Amino acid sequence: MERQEILEQLNEIFIDVLDLDECNLTDETSANDIEEWDSLSHIQIIVAIEKKFKIKFTSLEIMKWNNVGEMVNSLEEKLK
Amino acid sequence: MLQFKELKKLLKSDLSAFPSIKVSLIGDTATQFLGTAIKGAGVERGYNINLFEAEYNQVERQFLDSTSELYEFDADMIIVFQSTHKLGELHSQLPVEQQMKLADERLEFITSICEIPALANKKIIYFNYPEIDDTVFGSYANKVTSSLSYQVRKLNYELMNLAQQYSNLFICDIAGLQNKLGRDFMFASNIYVSTEMVLSIDALPYVASRVMDIVCAIKGQFKKCLILDLDNTVWGGVIGDDGIEGIQLGHGLGIGKAFTEFQMWIKKLRQRGIIICVASKNNEETAKEPFEKHPDMILKLDDIAVFQANWETKVDNIRTIQSILNIGFDSMVFLDDNPFERNIVREHIKGITVPELPEDPGDYLEYLYSLNLFETASYSSADKDRTKQYQVEAKRVSLSKTFTNEADFLKSLNMVSTVSGFTKFNTPRIAQLSQRSNQFNLRTIRYTEADITALADNPDVIDLSFTLEDKFGDNGLIAVIIMKRLDADTLFIDTWFMSCRVLKRGMENFTLNIMTERAKAAGYKRIIGEYLPTAKNKMVENHYSDLGFNKIEGTETAQYELNVESYQPRECYIETKNT
């Protein structure tokens, strides 16, 4: 799957889970940029991504990401 | 079941019209998500849960320090979630001789909570312990007292005993939930590691739902009646077409045993006090034949309180059942294999629960288990007799049709009532009725057994209970009055509730005659009554005016007064039974 496609799907997940009207994720987007994205909703996002892509993240992965780009990297790795 | 994110979204709705319940949540792991899920599940059921969430891992401090936020918040219900995970952690740090006492020590702590005087009138909802099989001993753990499995099972077993001992302790059976859903569903290690939460996101709605089942039951909202379709629901096949030899029932190979086991479950519900009724499109005789003659029928006609088999619609038949039982549609469950009938009933009868039965009758039971439809907050041996009472009521209804004059009908019933104060014998029933009565209930104050005992001992209270018996049978204890002294001349009716089974028998008149008699004897000159409206008690909106009370003007709530001295006993056909 292409990075762009992953990013688009993540965008949908963010809108759904965080109940946003709109969202424009880029590689640089971090929790500082989206008010609703806090440590708790982060967990909801993780679980939603796991379901959508039918993968499992390790505990380490969940805690190490600093921005959306790094999430996409992890996903790309897993979807290979 | 709604998902967690949907529960979370529900919290954004306008809750101002919902009754509010103060609830505290205390756990030894992170509980924010659980708190959110419980609030969401509350909204789903029409409650605004005002939640206090303690910082995590403060279970002991919150309870043992009487100045803690827990006491300051003063919730009606306190949810306590001590996890198997943390228990396991503790277990691993102890020497063997102390591991053996792990369950006992935890039980001692829970006992001490139940005995805190400030919490005597609160409800403690305690999560039991889903098992974690650490396989340190393998199956041999069953032989080893110090093993985690042994201690966890002992703890769960003893919790049941503790809950029987303390009426303020309710166990939320999440161990049972884990048996159903599986440990790998309940727990997600990556979520646990990053958040300290021991419940997976997907498990949260189920756990919250089990919590709300208990909360609603305590609040008097629970199922009382199960209405059954017959063909392909209670037995396999169509009795009208297949005949009594052709329907599928009974053990052995084949689908018959699914129906037999389904009936066994219904029978247990009946024995527990759930009212079982039938609504079937059939000739009555044909529909009754299996109940009378089929050797493999578990359910007998005796088990059915109201049997409606005819060619009217299911909706009409359910309405007829409701008019005989006099209970709310929201306390009824309807089971039918036919999706079309289910939809019609859902559409036309607001509030009734209509489970989406699976297509394969072999799946009925496991599906119904998953819904936990019949949660309750009390159980007494009187519950078992309820079916009989409603069968008798159905007979009364058919007798009343033969009288044109109401007074003649009432006279023909030969009614007698036993009037008594609150005693240790009737206290459980009084407390139970106080929890259950919604419609004929003037102020809807709920009392526990401990409260009732305290009222009985209070010299400023006139406490009365009434039974009603007639030629068809004994209804048992059906009405309760609590009057409190306001001043030397005045009594206030704190509580007046009555079982709807005995409506339209003149019981209200009889009750008031006794009330004024007792008030007069104690030297009071007037009685004040009050009506506090709820979603369910509109039936008694004009109760006091109908009984000749005068409305008091200028009061915030609807209040009425009655002059005891000039009171003329009201006409009724009920005799006092001398005991």
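Predicted model only: the values in this text are computed from it and were never measured. A note on names: the letters A, B, ... follow the listed sequences, proteins ahead of strands, and every chain is numbered from 1.
- The choice from A:T58, A:D16, A:V17 that makes the most heavy-atom pairs within less than 4.5 Å of chain B is A:D16.
- For residues 71-90 of chain B, a heavy-atom distance under 4.5 Å to chain A picks out no residue at all.
- Rounding to the nearest 0.5 angstrom, the gap separating the CD1 atom in A:I43 from the OH atom in B:Y192 is 13.5 Å.
- Residues A:E61 and B:N190 have side chains that never bring a donor and an acceptor to within less than 3.5 angstrom of each other.
- Atom CG of B:D360 is surrounded by more than 12 heavy atoms from other residues, nucleotides or ligands within 6.0 Å.
- Here the CD-CD distance, from A:Q44 to B:Q3, works out to 10.5 Å after rounding to the nearest 0.5 Å.
- Applying the 6.0 Å contact sphere to CD of B:E359 captures no more than 12 heavy atoms from other residues, nucleotides or ligands.
- Heavy atoms closer than 4.5 Å to chain A are found in both the backbone and the side chain of B:S194.
- For residues 22-47 of chain B, the interface with chain A (any heavy-atom pair closer than 4.5 Å) comprises B:Q32, B:F33, sorted by residue number.
- The shortest heavy-atom contact between A:S59 and B:S189 is OG-O, 4.1 Å.
- For residues 52-79 of chain A, the pairs satisfying ring pair (Phe, Tyr, Trp, His ring centres under 6.0 Å) are A:F57-A:W65, with sequence neighbours left out.
- The distance from the CD1 atom of B:I191 to the CD1 atom of A:I46 is 7.0 Å, given to the nearest 0.5 Å.
- For B:E55, the CD atom sits in a loose shell: 12 or fewer heavy atoms of surrounding residues, nucleotides or ligands are nearer than 6.0 Å.
- Among residues 21-41 of chain A, the residues having any heavy atom closer than 4.5 Å to a heavy atom of chain B are, in sequence order, A:L40, A:S41.
- The existence of a salt bridge linking A:D19 and B:K12 is confirmed by a sub-4.0 Å separation between a basic side-chain nitrogen and an acidic carboxylate oxygen.
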